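Notes follow the structure.
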Amino acid sequence: MVRKERSRSYAEFNDDDDEGNKQSTGFFDDAIEKLDREETNDSVSPEEEEEEEVRESSPPMRFSKSCLKNLFMVVLIFIYLLLTGVAFFLAYQTISDFLEKLNHPVMSVTYKEVDSFSPPGIALYPGRAELLSCKHHFHDYIPPLVEPGTHQEGECVTQDVTYDGPFSNQTLRKAVVVRGPSDVRNKELIFMQFSLNETEEDFSAITYMLFSKFSDLTESENKSEFMRECERNYSMWTFSGGFRTWVKMSLVRTSGKSHEAVEFRQESAVVKFNDKRPDSEKNNQLFFAVFEWRDAFMQDIRLIVTANPWNTVAILCGVFMALFKAANFAKLTIQWIIKMRKRHRRNKARELNQIQ
């Protein structure tokens, strides 16, 4: 009986083992299938899944991105061309303005008030006329004439100079140079009287010339040469017989680029002389001239070149820096375009490879 139970129990144990083997065999089959599924799932990486998802959704986005990139590229090229054009225009405008200012200096006028002027030189060319009198008066007062047409005591400092004319060596010039007035505050003036006997000319006049300083003549070693240079450089005026010519002088000093020039400007007024002499003496024609300073202001004219080379150089440096930046910007733009084209070609080749 014991053997039957043992055999029975063994059979039951075997039956149990067979049932366990059957269950374990199904379990491993399920596990193998799960492993196969996991291996197949692991063989497709997440990056490839993302690429597949991007491929599925990329065509419209890629099209819009390429359009935006092309539009941005066009805008960058337009900005580069605009910057280059503005830089060239500024360079041209700067250089042209500099040349314009260099060739056309600006005139600056100032007035300097003085108490007295250096006595000017009054060169008179009487010809056949004779100097009868020369007197200093003050405060614009000229006393009545006493015996006009006769020699009177003179008070002026004079110099007689004979020289050859500057424009023709055959012309002999005789000048009486008078020391002019200097006290402008007290309105000093010089009154001169000339007489001229019978003449064959229809019109009679005396020519005169003004130069800046009478002392330049007295201190000159060659007075003839000095007067020749003065006549070459200064203007000539005249006053007529039978009138009193009142000349009011003003001094103008002009400072140029290389030298300084001094000239006179004048305002003249003419008054008729009421000749009360006997008819027998009227053949001797009389000339009267008054020289006086107009005011106490000396006009100073300076020619100023407003073109500043350093300012121009600074502007040009800025322009060239802008050009350099624009060129660098263009270089970066071209590099970016080449890079984008290479990327586009690589992506396109990858898509073709996947299709094949």
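All figures in this text were calculated on a predicted structure; none of them were measured in a lab.
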Contacts of type side chain to side chain contact (heavy atoms under 4.5 Å, CB included), residue Asp140, not counting sequence neighbours: Lys187, Leu189, Trp246, Glu292
Those residues that, when tested against Arg253, pass side chain to side chain donor-acceptor pair (under 3.5 Å) (two or more places apart): none
Donor-acceptor side-chain pairing of Glu130 and His151 below 3.5 angstrom: yes
Those residues that, when tested against Gln93, pass side chain to side chain contact (heavy atoms under 4.5 Å, CB included) (two or more places apart): Phe89, Ser96, Asp97
Pairwise distance OG1(Thr245) to CZ(Phe287) - rounded to 0.5 angstrom: 10.0 Å
Residues Ser204 and Gln285: side-chain donor-acceptor under 3.5 angstrom: yes
Student check: side-chain heavy atoms of Ser250 and Glu267 closer than 4.5 Å: no
Whichever hydrophobic residues join Tyr125 through chains of side-chain contacts under 4.5 Å: Val157, Val161, Tyr163, Val177, Met209, Phe211, Phe214, Leu217, Phe226, Met227, Tyr234, Met236
Members besides Val270 in its Ile/Leu/Val/Met/Phe/Trp/Tyr cluster (side-chain heavy atoms under 4.5 Å): Phe243
NZ/Lys112: more than 12 non-hydrogen atoms of other groups inside 6.0 Å: no
Approximate separation, where rounding is to 0.5 Å, of Lys339 NZ and Lys342 NZ: 10.5 Å
Phe194/Ile206 under side chain to side chain contact (heavy atoms under 4.5 Å, CB included): CA gap, chis, key distance, verdict: CA-CA 9 Å; Phe194 293 85; Ile206 293 177; 3.7 Å; yes
Check: Arg244 and Phe191 side chains under 4.5 Å, non-hydrogen atoms: yes
Val252/Val262 under side chain to side chain contact (heavy atoms under 4.5 Å, CB included): CA gap, chis, key distance, verdict: CA-CA 6 Å; Val252 179; Val262 178; over 6 Å; no
Any residue meeting side chain to side chain contact (heavy atoms under 4.5 Å, CB included) with Glu113, in chain and number order, not counting sequence neighbours: Arg185, Ala296, Phe297
Qualifying residues under side chain to side chain donor-acceptor pair (under 3.5 Å), relative to Tyr208, sequence neighbours excluded: Gln266
With Cys230 via disulfide (SG to SG under 2.5 Å) - residues at least two apart: none
Nearest heavy-atom neighbours spanning His136 and Arg179: CE1-O, 4.4 Å
Under the side chain to side chain contact (heavy atoms under 4.5 Å, CB included) test, residues paired with Ser116 that sit two or more places apart: none
Residue pair Gln193 / Gly149: nearest heavy atoms and the distance that separates them: OE1-N, 2.8 Å
Partners passing salt bridge (Lys or Arg N to Asp or Glu O under 4.0 Å) against Arg232 (at least two apart in sequence or in another chain): Glu229
Sequence-distant partners of Arg173, salt bridge (Lys or Arg N to Asp or Glu O under 4.0 Å), two or more places apart: Glu231
Side chain to side chain donor-acceptor pair (under 3.5 Å) involving Ser195 - partner list, sequence neighbours excluded: none
